[in-house]
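One structure below.
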Amino acid sequence: SLIPNQLVKGAARAQGLGRTRLGLVIMSVFGIFPLILRVFEFRALNVLWDSNAYGSIVWTLLGLHTLHIATDLADTLVLTALMFTRHGHMVRRFSDVNDNAVYWDFVVVSWLPIYGLIYWFPRLVG
């Protein structure tokens, strides 16, 4: 998702309305997909949130990351809708799209240590 995110960021910086619209639609799909996967991930966890400290940490980390995905998806959907109205032609909307893309970078990059902590670290020490 980082490649289309960089493309929409570049389109927003160039204030290309058509490319920004297309990029936002694509990024909306990239926001929905991980939420669907997260539902299956929560169901497949071998620990409940109240089983032990590890379970609490896993559920908290995944829950917070899921919240970040959901809030970014909501922002992306609102921006996508705005870009298809008369408000999409406003210069500040392109700045908003750029800010949204930077936030998605944070969501993706923050997943890397969370993934390592949840899925790799227990195998290394256990």
Side-chain angles (χ1 to χ4, degrees):
S1 66
L2 286 178
I3 292 171
N5 190 51
Q6 294 305 314
L7 294 174
V8 75
K9 192 185 308 183
R13 287 182 180 163
Q15 296 183 5
L17 185 60
R19 288 185 10 221
T20 302
R21 285 175 174 170
L22 177 63
L24 283 170
V25 169
I26 292 169
M27 287 309 299
S28 295
V29 173
F30 275 102
I32 294 168
F33 185 67
L35 288 177
I36 293 169
L37 286 177
R38 189 57 53 90
V39 169
F40 292 104
E41 188 174 17
F42 274 118
R43 288 183 179 174
L45 288 175
N46 294 325
V47 65
L48 296 176
W49 71 271
D50 60 350
S51 297
N52 52 40
Y54 176 75
S56 298
I57 291 169
V58 167
W59 279 81
T60 299
L61 288 173
L62 287 177
L64 287 173
H65 190 257
T66 303
L67 181 65
H68 283 297
I69 295 171
T71 56
D72 189 74
L73 173 61
D75 189 31
T76 302
L77 291 171
V78 168
L79 285 171
T80 302
L82 285 173
M83 292 305 278
F84 281 94
T85 66
R86 62 182 172 85
H87 300 287
H89 301 281
M90 301 172 72
V91 174
R92 75 171 192 232
R93 291 293 169 237
F94 291 105
S95 177
D96 294 341
V97 170
N98 183 65
D99 294 345
N100 178 266
V102 170
Y103 185 68
W104 184 255
D105 289 338
F106 163 75
V107 171
V108 171
V109 171
S110 68
W111 175 241
L112 299 175
I114 293 170
Y115 182 83
L117 187 64
I118 292 173
Y119 295 109
W120 289 351
F121 185 73
R123 287 173 175 80
L124 293 174
V125 298

Please round to the nearest 0.5 Å and tell me the distance separating atom CG of Asn98 and atom OG1 of Thr20. 10.0 Å
Gap between atom CD of Glu41 and atom CD1 of Ile118 - 0.5 Å precision: 7.0 Å
Under 6.0 Å from the CG atom of Asn46, do we count more than 12 heavy atoms belonging to anything else shown? no
Between Arg13 and Phe94, is NZ or CZ placed under 6.0 angstrom from the six-membered ring centre and within 45° of the ring axis? no
Assess whether atom OH of Tyr119 is packed by more than 12 heavy atoms of other residues, nucleotides or ligands within 6.0 Å. yes
Is Leu117 linked to Leu62 within one hydrophobic cluster, defined over Ile, Leu, Val, Met, Phe, Trp and Tyr using a side-chain heavy-atom separation of less than 4.5 Å? yes
Does a sphere of radius 6.0 Å around CD1 in Ile3 hold more than 12 heavy atoms from other residues, nucleotides or ligands, not counting ones at 6.0 Å or beyond? no
Phe40 reachable from Leu73 in the ILVMFWY side-chain graph, under 4.5 Å edges: yes
Ser56 side chain to Trp49 main-chain N or O, any donor-acceptor pair under 3.5 Å? yes
Taking a hydrophobic cluster as the set of Ile, Leu, Val, Met, Phe, Trp and Tyr residues connected by side-chain heavy atoms closer than 4.5 Å, whether directly or through intermediates, do Val47 and Tyr115 fall within one such cluster? yes
So, do Val8 and Arg19 sit near enough that their side-chain heavy atoms are less than 4.5 Å apart? no
Restricting to side chain to side chain contact (heavy atoms under 4.5 Å, CB included), what partner residues turn up for Ser110, sequence neighbours left out? His65, Phe106
Check whether Val102 and Leu2 end up in the same hydrophobic cluster, where Ile, Leu, Val, Met, Phe, Trp and Tyr are linked by side-chain heavy atoms less than 4.5 Å apart. no
Side chain of Thr76, backbone of Asp72: donor and acceptor closer than 3.5 Å? yes
Taking the side chain as every heavy atom from C-beta outward, state whether Val78 and Leu82 have any pair of such atoms under 4.5 Å apart. yes
Relative to Trp59, does Arg38 satisfy both conditions: NZ or CZ under 6.0 angstrom from the six-membered ring centre, and within 45 degrees of the ring's axis? no
Quick one: pull up OH in Tyr103 and NE2 in His68 and give me the separation to the nearest 0.5 Å. 4.5 Å
Between Asn5 and Ala101, is there a donor-acceptor pair closer than 3.5 Å when you use the side chain of the first and the backbone of the second? yes
Using only atom types and a distance under 3.5 Å, with no angle test, would you say the side chain of Arg93 pairs donor to acceptor with the backbone of Ala12? no
Measure the shortest side-chain to side-chain distance between Val108 and Ser1 over non-hydrogen atoms and say whether it is less than 4.5 angstrom. yes
Quick one: pull up CD1 in Ile69 and CH2 in Trp104 and give me the separation to the nearest 0.5 Å. 5.5 Å
Ser95 side-chain N/O to Val91 backbone N/O, donor-acceptor pair under 3.5 Å: no
Tell me which donor-acceptor pairs under 3.5 Å the side chains of residues 23-36 have, and how far apart each pair is, sequence neighbours excluded?
from	atom 1	to	atom 2	distance (Å)
Ser28	OG	Leu24	O	2.8
Ser28	OG	Thr80	OG1	3.4

To the closest 0.5 Å, what do you measure between CG (Leu77) and CG (Asn100)? 9.5 Å
CZ of Phe121 to CD1 of Ile114: how many Å apart, nearest 0.5 Å? 15.5 Å
Answer yes if Leu64 and Leu37 sit in the same cluster of Ile, Leu, Val, Met, Phe, Trp and Tyr residues linked by side chain heavy atoms under 4.5 Å apart, and no otherwise. no
List the atom of Pro122, the atom of Tyr54, and the distance in Å for their closest heavy-atom pair. CG-OH, 3.6 Å
